[in-house]
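Keep in mind the model is a prediction, meaning the values are calculated, not measured. Just so it is clear, the values below take in all heavy atoms, side chains as well, and ignore hydrogens, waters and symmetry mates.
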Amino acid sequence: MGTARKGRAIGKGQPVLTTHAPRAAQGAQSVSLPATLDEAVAALAAVPAAVPVAGGTDLMSSVNAGLLRPAALVGLGRISEIRGWQYQDGHALLGAGLTHARMGRPDFAALIPALAAAARAAGPPQIRNAGTLGGNIASAAPTGDSLPVLAALEAVLIIAGPGGTRREIPVSHLLAGMEMLRPGELVGYVRVPILHAPQVFLKATGRTGPGRALASLALVLDPARRGVRCAVGAIAPMPLRPLEAEQWVAGLIDWDGERGLVPEALTAFGEYVAAACIPDQPPAEDGSERPHPPAVLHLRRTVAALARRALGRALS
């Protein structure tokens with residue numbers, strides 16, 4: 001995961017994973033509808049040019065924009081095993097086919113509140129009903145609402161490969177391009193810790209109202225490790241982790257007491273996060289300061305406000 005510096009995301013040229021069995025997309029020559037995750041992997045291995053798809057929220061945008069003409073489709077909507085979740089040794093094992101609408105329900109919100117909040121903010125009902133957790137990850141769009149939450153939770157991906165193989169990689173590695181999906185592989189599951197502690201997701205959008213994030217932020221408390229984890233989304237190709245700011249504010253919190261902080265500390269944390277994610281420009285050749293453009297300064301103030309509010313809510 002990015003440590004508050006510019007990173008590299010996948011997404012361009014990577015398979016998209018969405019929701020239900022597809023209708024024929026323009027240019028597609030064949031469609032297969034496997035019933036299991038391993039069958040889907042086998043179908044992808046048999047036709048390397050095939051694209052996995054379910055609801056098509058990402059796929060159809062690319063097709064309609066003329067960016068993608070899939071030679072074949074592998075529909076994932078009939079794979080029931082990846083459309084739910086289960087408990088596993090203090091973690092939740094989430095199927096990649098979970099829709100935003102399903103994650104936004106109260107029972108899921110009681111389990112992972114920040115991810116539920118991100119799912120509810122993912123767009124209008126038609127998008128929430130179709131888009132999936134795996135789709136957000138595989139498309140790796142910087143504005144994917146679930147991505148900063150998964151980064152803050154330090155989620156791990158379970159990747160299904162040919163021959164029934166499974167391998168695990170941190171979600172941060174995939175989003176940063178440190179590890180990539182290999183031919184014939186699919187994101188099958190996402191494992192996240194159940195922290196039993198406050199966690200918050202906040203999102204700032206443009207003047208057009210709800211929708212694509214201008215900036216987003218996830219913050220989780222981890223009392224067992226006496227830590228604060230924060231990730232900022234939408235402002236860079238991948239979510240950014242301001243690690244020094246996390247460590248600084250964690251040292252101010254009375255983990256055995258009421259955990260409150262004075263307003264000045266909340267404000268300082270917000271500024272620390274914003275400066276880490278959007279650092280000052282290097283001085284000019286003559287040594288003078290070079291201010292950011294107004295739009296960048298506005299974004300920096302927005303990130304500071306999100307961080308301040310998120311920490312305040314988590315500690316309240």
Checklist entry - Cluster question for you: counting only ILVMFWY and a side-chain heavy-atom cut-off of under 4.5 Å, with indirect links fine, are Val187 and Trp85 together? => result yes
Next on the checklist: Do the side chains of Asp38 and Arg166 get close enough for a salt bridge, i.e. N-O under 4.0 angstrom?
Outcome noted: yes
Item to check | Arg308 and Glu264 ion-paired at < 4.0 Å | outcome: no
Item to check | Pair Phe269 and Trp248, ring centroids less than 6.0 Å apart | outcome: no
Item to check | Between Tyr189 and Glu81, a side-chain donor and acceptor under 3.5 Å | outcome: yes
Checklist entry - Does Arg241 pair with Glu154 as a salt bridge, N-O distance under 4.0 Å? => result yes
Next on the checklist: Any carboxylate oxygen within less than 4.0 angstrom of a Lys/Arg side-chain nitrogen, looking at Arg167 and Glu179?
Outcome noted: yes
Checklist entry - Is the side chain of Asp222 donor-acceptor paired with the backbone N or O of Val228 at a distance under 3.5 Å, no angle test? => result no
Item to check | Note: Arg191-Glu168 ion pair, threshold 4.0 Å (strictly below) | outcome: yes
Next on the checklist: If we check side chain to side chain contact (heavy atoms under 4.5 Å, CB included) with Leu115, which of these qualifies: Val190, Asp145, Val192, Leu94?
Outcome noted: Leu94
Next on the checklist: So that I can tick it off, tell me whether Glu246 and Arg229 are bridged by a salt bridge, with the cut-off set at under 4.0 angstrom between side-chain N and carboxylate O.
Outcome noted: no
Checklist entry - Looking at CG of Leu33 and CD1 of Ile79, how far apart are the two atoms once the value is rounded to the nearest 0.5 Å? => result 9.5 Å
Item to check | Residue His298 excluded, over 12 heavy atoms near NE2 under 6.0 Å | outcome: no
